[in-house]
Trainee: 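Handing you this structure, nothing more for now.
Keep in mind it's a predicted model, so treat the numbers as computed, not measured. So that the names make sense, note that chain A is the first sequence line, chain B the second, and so on, each numbered from 1.
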Amino acid sequence: MERNSRRILFNFKEYLDRYIRFLIFSIFISSPSFAQLNGSVSIANDYVYRGTSFSQSTPVAQLHLGIDDPSGIFVGGFALKTLSHSSGNIDPHRIIYTGIARRISSELAWEIGIKHLNYANIPTWNYEEIFAGLSSERINFNVHYSPKYLGQKHESIYAEFNSDVALNDVWSVTLHNGVFYQRNKLANIDSRLGISGNFSPWIIQLAMSKVLHRSPQRSGSNRDRSRLITTLSYTF
Amino acid sequence: MNRSQTKYSIFFLVNIFLIYLACQAAFAQTNSTSASTSAKETEAQHILVMLHLPAPHYRPDFVYSNNYRQDASRSARRHVAEKIAQELQLKLVEDWPMPILNIDCFKMEVAGNYSVLEVIDKLNQDKRVVWAQSVSNFETRSTIDQSDPLTPVQPAQKFWSIQEVHRVTTGKQVLVAVVDSAVETQHTDLRGQVLLQENFVDGKQIVSELHGTNVAGVIAARSGNQVGISGVAPDARLMALRACVQDLRGKTMCNSFSVAKAIHYAITKGAHIINLSFSGPEDRLIRQLIDAAFIKNIKIVAAVDYLSNSGGFPARYPGVFSVADKRIKDILWATLIAPGRDIPTTSTDNSWSFVSGTSFSTAHVSGMLALISQLNPRISNKQIRESLILQPDRLGQPEGLLSLCETIKAAANRCVCSCKID
C-alpha cells in the first residue's frame with residue numbers, strides 16, 4: 001500500500017514537472033508575445049517561511065521568474081541561495097508553481113493552483129501543495145493543502161490571511177497571519193507585520209515575523225524568536 | 001565573510017539605499033504625475049495603449065497585493081510599454097491600471113516619424129497590446145449668462161414641484177459622480193455635499209472651475225440653508241472627479257484618458273450615478289467602462305450634442321440616459337428632456353449664476369435618478385426607462401419635458417405630488 005502511495009506521488013511529481021514544462025511551451029507557442037514575463041531579484045537578511053527560518057537566519061539571494069497569460073494561467077519558479085557558507089547550511093527550497101487566476105469584479109479575484117517545493121540537499125523533504133484563494137483590493141485569503149508536507153506521511157493545511165494597505169503611492173503596510181494544521185492538530189500560528197516601499201522597479205520591505213503559537217512537538221529554543229526581515233528587490 | 005558580517009553588510013546597504021531613495025522622493029515627481037495644462041492642444045499627439053493586467057495571484061517573492069498602483073508585476077508591464085515605445089519612437093507619459101477591464105492603460109506621445117493613425121494601426125496588430133486608440137476630446141454642453149443676479153425661481157421648482165417632491169425624497173444615501181471640471185467644494189451651497197474630490201487631469205492642487213461647480217449645484221446644492229438654491233437631490237452626496245479643464249476662454253474640455261480614469265474610479269468607489277455633461281467622438285475605452293458600469297447597475301447620464309446628427313457620444317450609446325433641454329427633430333428619439341435654460345446654480349468665488357445648456361439638463365436628470373434611487377435603491381436602468389412619464393404640454397414649458405412627480409410615482413410606487421386619496 002505504502003509502495004503504491006509512493007509510486008503515485010512520484011508519478012504525480014513527474015506529471016507536474018512535465019505539465020508545467022508543457023504549459024510554458026504552449027503559452028509561448030500560442031501567444032509568444034502576449035504572455036507577460038515578470039520577475040524579481042532580491043536579497044534578504046533571512047528567509048522565513050511560515051514562521052520558520054529556512055536559511056538558518058543567514059542572508060539569502062532570491063530569484064523569481066513568472067509568466068502571466070491573458071487567459072489567467074500563470075506559471076513561475078522561485079529559487080534561493082544562502083549567501084553565507086557556514087558548515088551545515090541547507091539551501092532553502094525552490095518552488096515551481098502554476099495555476100489560474102481570474103477577476104470576479106474589480107474588487108475581487110480568485111485563484112487556484114499547485115506548487116512543488118524542492119529541497120536540493122534533502123530530496124526526501126520535497127512535496128507538492130494545492131492552493132486556492134480569494135483576493136480583494138486590500139486583503140487576501142489562501143488555503144494550501146499538502147498530502148505529504150515536507151515528505152512526512154501526514155496531510156497538512158496552511159491557511160493564511162494577508163493584508164496590504166496603501167498609505168500613499170509608494171508606501172504600504174503589510175500584514176500576514178498564517179495557521180498551520182498538521183495531523184489534524186494546530187501546529188503553529190505565524191504572523192508578520194511590515195512596511196513595503198515601491199520605488200518601481202525597486203521594492204523594499206521591512207517586516208517583523210513572529211511565531212505566536214507552536215505545538216510542543218515543534219518547539220525549539222531558537223525557532224520562536226521574533227525576526228526582523230529586510231528585503232531589497234529589483235523587479236522586471 | 002562569515003554569517004554576521006554578511007547580515008550586517010546587507011543591512012547597511014539596505015539602509016543606505018533607503019536614505020538615497022528618500023532623498024530622491026523629496027525632489028522627484030512620481031511616474032504617475034502628468035502635467036497636462038491644456039486638455040486639447042497636447043492630446044492630438046497622444047495615444048492610449050492597453051496592456052493586459054493579470055489578476056492577482058500567488059507569488060512566492062511578495063506578499064499578495066491587489067493594490068494595482070503598487071503590484072510587483074507593474075515593472076514587467078512598464079518594461080513592455082517602454083519596449084513598444086522605443087520600437088515606434090513613442091514617449092511614455094504615464095500609466096493607469098484599470099482592473100475592471102483587466103488592462104493597464106499607458107498614455108504615450110507620438111513623437112517620431114509615424115503618424116498617430118499609423119502607430120495605432122501597428123499597435124493593434126501587436127500581440128503584446130490588447131488594443132490601442134487615440135485620445136478623444138470631449139466638450140461640455142453649456143453657455144454661461146452671468147448678466148442677471150440669482151433669483152429664487154428655479155425651473156426645477158416651476159416645472160417639477162421640487163419642494164413637494166423633497167417632502168418624500170431628497171436623494172439620501174445616493175452617491176453621484178460628477179465627471180467634470182473642478183468643483184468649488186467650499187461654496188456656501190455645496191459645503192458638506194462633496195464626499196470626495198479627485199484630480200485626474202494633473203497632479204496639482206485643485207482650483208475650482210466653473211462648469212463642474214455649476215453642474216454640482218444643480219444636482220445637490222444644499223437645501224434649507226436660507227441661501228442660494230436647492231439642488232434637485234440635496235441629500236445626495238457627490239464625488240467631484242476632475243477630468244476636464246477650463247481654458248482661458250472659459251471653455252471646458254476633457255479627454256478620454258482623464259475621463260476614463262474618473263469613470264473607473266467612480267465605478268470602483270461605489271457611485272450609483274455618473275453624470276457626464278459633455279460629448280465628443282465615440283471612444284472604445286469609455287464605451288467599455290460604461291458597459292462595466294451597467295453590469296453594476298450604475299446609471300450613466302450624458303448630455304446631447306445638437307451639433308452631432310446622432311446626438312454625440314456617450315449620449316447616443318445604448319443604455320445611457322441621453323438628455324437635452326429641448327426636442328429637436330431627428331435627435332435621438334429616446335432623449336429625455338429636462339430643464340436646461342436659465343438655470344440658477346452655484347458658481348465659482350462663492351457666487352451663483354444663470355447657466356443654460358444640455359449640461360444642466362443632464363444634471364437635472366442625475367438629480368432625478370438620485371431621488372428615485374433613494375426610494376428604490378435596486379431599480380434597474382430598464383425599469384427606470386419604463387417608468388419615464390412626460391408632463392402634459394403647457395405654455396412656457398419645453399416640449400416633451402419629463403414629469404418628475406409621475407416618473408417617481410411609476411418608478412418607486414410612491415405618490416410625491418398632490419396625491420389624491422381614492
Trainee: Is there side-chain contact between A/S40 and B/R59, with heavy atoms separated by less than 4.5 Å?
Mentor: yes

Trainee: Using every non-hydrogen atom in the two residues, find where B/D61 and A/Q205 come nearest and quote the distance to one decimal.
Mentor: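 Where B/D61 meets A/Q205 most closely, the heavy atoms are O-NE2, 4.2 Å.
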
Trainee: Using the test side-chain hydrogen bond (donor to acceptor under 3.5 Å, both in side chains), find all partners of B/R287 that sit at least two apart in sequence or belong to another chain.
Mentor: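 B/R287 satisfies side-chain hydrogen bond (donor to acceptor under 3.5 Å, both in side chains) with B/E282 once adjacent residues are dropped.
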
Trainee: Just verifying a value: how many Å separate B/S73 OG and A/F74 CZ, rounded to the nearest 0.5 Å?
Mentor: 12.0 Å

Trainee: Could you check whether atom NZ of B/K91 has more than 12 heavy atoms from other residues, nucleotides or ligands sitting under 6.0 Å from it?
Mentor: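 For B/K91, atom NZ is not crowded (no more than 12 foreign heavy atoms under 6.0 Å).
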
Trainee: Which pair of heavy atoms, one from A/A101 and one from B/P56, lies closest together, and at what distance?
Mentor: CB-O, 3.8 Å

Trainee: Can you sort out the partners of A/S42 under side-chain hydrogen bond (donor to acceptor under 3.5 Å, both in side chains), two or more places apart, ordered by chain and number?
Mentor: A/S233

Trainee: Apply side-chain hydrogen bond (donor to acceptor under 3.5 Å, both in side chains) to residues A/D68 and B/H57 and explain how you reach the verdict.
Mentor: CA-CA 10 Å; A/D68 284 299; B/H57 61 75; 2.6 Å; yes

Trainee: Quick check: closest heavy atoms across B/S75 and A/P201, and the distance to 0.1 Å?
Mentor: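 Taking every non-hydrogen atom into account, OG-CA, 3.4 Å.
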
Trainee: Is there a side-chain contact between B/R74 and A/N38 in this structure, where contact means two heavy atoms from C-beta onward sitting under 4.5 Å apart?
Mentor: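 No, side chains not in contact.
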
Trainee: Indicate the atoms forming the closest heavy-atom contact of B/P60 with A/F78, along with that distance.
Mentor: CG-CB, 3.5 Å

Trainee: Which pair of non-hydrogen atoms, one from A/L37 and one from B/A76, has the smallest distance, and what is that distance?
Mentor: O-CB, 3.4 Å

Trainee: Evaluate whether atom CZ of A/F236 has more than 12 neighbouring non-hydrogen atoms of other residues, nucleotides or ligands under 6.0 angstrom away.
Mentor: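 Counting neighbours around CZ of A/F236, more than 12 heavy atoms of other residues, nucleotides or ligands fall under 6.0 Å, so yes.
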
Trainee: Just checking B/E87: does its CD atom have more than 12 heavy atoms from other residues, nucleotides or ligands closer to it than 6.0 angstrom?
Mentor: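 Yes.
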
Trainee: Report, as yes or no, whether the 6.0 Å neighbourhood of atom CD on B/Q86 holds more than 12 heavy atoms from other residues, nucleotides or ligands.
Mentor: no

Trainee: Specify whether A/Y97 and B/Y58 have parallel, tilted or perpendicular ring planes, treating 30° as the upper limit for parallel and 60° as the lower limit for perpendicular.
Mentor: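 Perpendicular, since the angle between the ring planes exceeds 60°.
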
Trainee: Surrounding OH of A/Y145 (heavy atoms of other residues, nucleotides or ligands, distance under 6.0 Å), is the total greater than 12?
Mentor: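 Yes, enclosed.
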
Trainee: How long is the span from the CZ atom in A/R103 to the CG atom in B/L53, to the nearest 0.5 Å?
Mentor: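 Between A/R103 CZ and B/L53 CG, I get 4.5 Å after rounding to 0.5 Å.
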
Trainee: Using modelled atom types only, decide if a donor and an acceptor are shared between the side chain of A/Q36 and the backbone of B/R77 within a distance under 3.5 Å.
Mentor: no

